[in-house]
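Beneath this line is the structure, given in structure tokens, with notes to follow.
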Amino acid sequence: MVAMIAAAALAATACTGVQEPSGSAKASEQGPAGLESFYGQHPTWSDCKEGFQCADVRVPLDYGKPNTGELKLKVIRLPASNRAARIGSLVTNPGGPGGSGVEFVRSAARAFGTSLRDRFDIVGFDPRGVGQSDPVHCESPKQLDQYFATDTSPDNQAEVNQIAAVSKEFAQGCQANSSRLLPHVGTVNAARDIDILRAVLGDQKLTYYGASYGTYLGAFYADQFPRNIRAMVLDGAVDPKLSAEQVNIEQAKGFERALRSFATDCVKKPNCPLGNGSVDEALNQVSALLARTDQTPLRNSTGDGRTIDEAIVALGIAQPLYVKQLWPFLRLALTQAIKNGDGTSLLASADEQVERKPDGTYTNLMEANNAVNCIDKPYAHDVPAFQRQADEAKKVAPRFGPFIVWSTLICGYWPVRTTEAPRPLAATGSPPIVVVGTTRDPATPYEWAKGLASELTSGVLLSLDGDGHTAYLQGNPCISSAVETYLTTEKPPAKGTLCR
């Protein structure tokens, strides 16, 4: 799953109306005061094909006023294959924010190691506001098409005005269609939902795997409920202490580093569309493509009439950087774009990034993504501040910096805001928490994993010297063994373990 570049998909601190959690498994078996009916519920599990079971779990809309409304979380599980040796549930989150945990488990549960599938129910859920869990809704498909195609590297005031207009329209659409949800979809409340889910699943302690944004969600759970944890893996980690501006800058640098790694590989291969010269010359070819498509869009062979401009090309390039196995596709897409003027493959890649379906509709990934991000961190309130940030980002990340910064302008117009600054999360009192980082991860830079591991009082850093976003489920035997051994035995790898 992705950490969405189009909205700098990360999260941080606060939400409204949050009670202090108990922090102990014993207390939470009955539920904190006022939440007993949520902690004590017994959902009805039904068959939902291919060996999976599905259920709805009730959570309060507002934890500060739990009797004023409810939400239903859609939950899925693949039951443990060895029931006699079953340990409990492995709760997962694939990232985003806005990624569907239901769809993640349905597609990826059987890719988890045999030792995990034997001994755990593999569990996924759509967090509040996401997918099938009372989703946030903001815009029509045609409006979203326009939003994603808007120039996010503006060169003049007219282009700045255009991105401001579509960002404001998006925020107003969310308020018009989902005003009830917007104050309550932040990470604090989603983490509290996980504790209800833990209790409903019958687990005294939580076993958890979170990827990308799921690491922040997991870290926030750990900070609120440190004694309710059995084992926790945070893969492709987010550093919670970073400001929104720092997140934008560092993520842009991460994508630049990943693009350089791709270019380094490409120039060694015959028929590399970026040439077979130096890496810097190859990167200049990417810059030239972006500059050309800012003026003249690429050809769209789908017949749907959409414009393949600089914004779509940047998205289309970013998507294959998440997974090294997609680099051959990126070479093909760039060949078609640079040599033939055809952007159809890059458009398909961009559509995958934002979860646009073949029929032209979208999942609510990006709507939920913005709803969570914009409430979780304080953002600048004026366009000149974003212009300054974009100028700074361009200095260190010329191809991705402005794109990422301007993509978060929507948060400057968001109708619900937080004033609480980001802070480190310590999770004092928790058992060892394994934090996994990949050295050339584009979306969650390796420095973030080091930061989170050092901030958690029991953090254990596990590193992969490699490319791509996240490490587990990418086929590296060293990472797989370390993660699976820890989740089954509670014995973490040695601090500083490096896999290659």
Side-chain angles (χ1 to χ4, degrees), residues 1-5 7-13 93-97 99 187 191 208-223 232-261 318 321-323 369 372-373 376-377 389 393 396-397 400-401 404-405 407-408 421-427 433-472 474 479 483 495-499:
M1 190 57 203
V2 300
M4 287 304 302
I5 181 177
L10 304 164
T13 48
N93 179 275
T187 300
Y208 179 85
Y209 170 81
S212 192
Y213 162 79
T215 68
Y216 191 80
L217 178 59
F220 228 115
Y221 178 91
D223 200 58
M232 177 173 283
V233 172
L234 306 178
D235 183 10
V238 176
D239 187 342
K241 73 176 183 295
L242 299 179
S243 68
E245 182 174 356
Q246 289 172 317
V247 163
N248 285 345
I249 297 291
E250 293 304 315
Q251 190 178 58
K253 289 163 63 176
F255 275 95
E256 290 284 343
R257 182 165 49 245
L259 182 62
R260 176 171 287 273
S261 186
L321 296 178
Y322 283 92
V323 182
N369 184 281
V372 175
N373 283 334
D376 269 356
K377 285 183 185 290
Q389 292 178 25
V396 296
F400 289 107
I404 288 178
V405 171
S407 294
T408 62
R423 60 182 176 85
L425 300 179
I433 296 174
V434 173
V435 180
V436 188
T438 302
T439 56
R440 293 178 295 280
D441 189 316
T444 53
Y446 180 59
E447 291 76 15
W448 294 357
K450 293 193 291 184
L452 179 58
S454 67
E455 293 152 21
L456 294 168
T457 56
S458 63
V460 177
L461 180 64
L462 171 64
S463 303
L464 173 64
D465 182 5
D467 299 281
H469 181 42
T470 72
Y472 187 63
Q474 300 295 338
I479 292 291
V483 167
K495 286 190 176 183
T497 296
L498 175 64
C499 297

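Model, not experiment: these values are computed from the prediction.
- The two residues Val238 and Leu452 have their closest heavy-atom pair at O-CD2, 3.7 Å.
- Looking at heavy atoms from C-beta onward, Ser261 lies in side-chain contact with Arg440 at the 4.5 angstrom threshold.
- Between Thr187 and Val372, some side-chain heavy-atom pair lies under the 4.5 Å cut-off.
- When all heavy atoms of Ser212 and His469 are compared, the pair lying nearest together is OG-NE2, 2.9 Å.
- Rounding to the nearest 0.5 Å gives a distance of 15.5 Å between NZ of Lys253 and CZ of Phe400.
- When side chains are defined from C-beta on, Leu462 counts as touching Val483, because their heavy atoms get closer than 4.5 Å.
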- request: Report the C-alpha separation of Asn369 and Tyr213 in whole Å, then their side-chain angles, then the decisive distance to 0.1 Å, and conclude whether the side-chain contact (heavy atoms from CB on, under 4.5 Å) test is met.
  value: CA-CA 10 Å; Asn369 184 281; Tyr213 162 79; over 6 Å; no

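- A donor-acceptor pair under 3.5 Å is absent between the side-chain atoms of Thr438 and the main chain of Leu464, judged by distance alone.
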List the steps and the verdict of side-chain contact (heavy atoms from CB on, under 4.5 Å) for Ile249 and Val396.
CA-CA 8 Å; Ile249 297 291; Val396 296; 4.0 Å; yes

* To do: Could you give me the CA-CA distance, side-chain angles and deciding distance for Asp239 and Lys450, then say whether salt bridge (charged side-chain N to carboxylate O under 4.0 Å, His left out) is met?
  => CA-CA 8 Å; Asp239 187 342; Lys450 293 193 291 184; over 6 Å; no

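- Aromatic pair Tyr221/Tyr208: centroids not less than 6.0 angstrom apart.
- The nearest pair of heavy atoms linking Thr470 to Ala211 is CG2-CB, 4.0 Å.
- Rounding to the nearest 0.5 Å places CD of Gln389 at 10.5 Å from CD of Gln246.
- Aromatic ring orientation, Phe255 versus Tyr322: perpendicular (interplanar angle above 60°, classes split at 30° and 60°).
- Residue Ala449 comes nearest to Ala237 through the heavy atom pair CA-CB, 3.7 Å, listed as atom of the first residue, atom of the second, then distance.
- Of all the heavy atoms in Lys377 and Pro240, the pair that sits closest is NZ-O, 4.2 Å.
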TODO: Check the pair Asp441, Tyr446 against side-chain contact (heavy atoms from CB on, under 4.5 Å), reporting the backbone distance first and the verdict last.
DONE: CA-CA 6 Å; Asp441 189 316; Tyr446 180 59; 5.9 Å; no

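- Residues Val323 and Gln474 form a side-chain contact, since some pair of their non-hydrogen atoms from C-beta on lies under 4.5 Å apart.
- Summarising the geometry, atom CG belonging to Leu425 is positioned 5.5 Å from atom CZ belonging to Phe220; distances are rounded to the nearest 0.5 Å.
- No hydrogens or angles considered: a donor-acceptor pair under 3.5 Å links the side chains of Asn248 and Thr408.
- For the pair Val434 and Leu234, the minimum side-chain heavy-atom distance is 4.5 Å or more.
- Inter-residue side-chain proximity for Asp223 and Glu455 is flagged as unmet; no heavy-atom pair is nearer than 4.5 Å.
- The shortest side-chain heavy-atom distance between Tyr209 and Asn93 does not fall under the 4.5 Å cut-off.
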- [ ] Check the pair Val435, Leu456 against side-chain contact (heavy atoms from CB on, under 4.5 Å), reporting the backbone distance first and the verdict last.
- [x] CA-CA 9 Å; Val435 180; Leu456 294 168; 3.9 Å; yes

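- Counting all heavy atoms, side chain and backbone alike, Leu217 lies closest to Ala191 at CD1-N, 3.5 Å.
- The CG atom of Leu321 lies 10.0 Å from the CD atom of Glu256; values are rounded to the nearest 0.5 Å.
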Next on the checklist: Test salt bridge (charged side-chain N to carboxylate O under 4.0 Å, His left out) on Arg257 and Asp467; report intermediate values, then the result.
Outcome noted: CA-CA 10 Å; Arg257 182 165 49 245; Asp467 299 281; over 6 Å; no

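- Note that the CD1 atom of Ile479 and the SG atom of Cys499 stand 4.0 Å from one another [nearest 0.5 Å].
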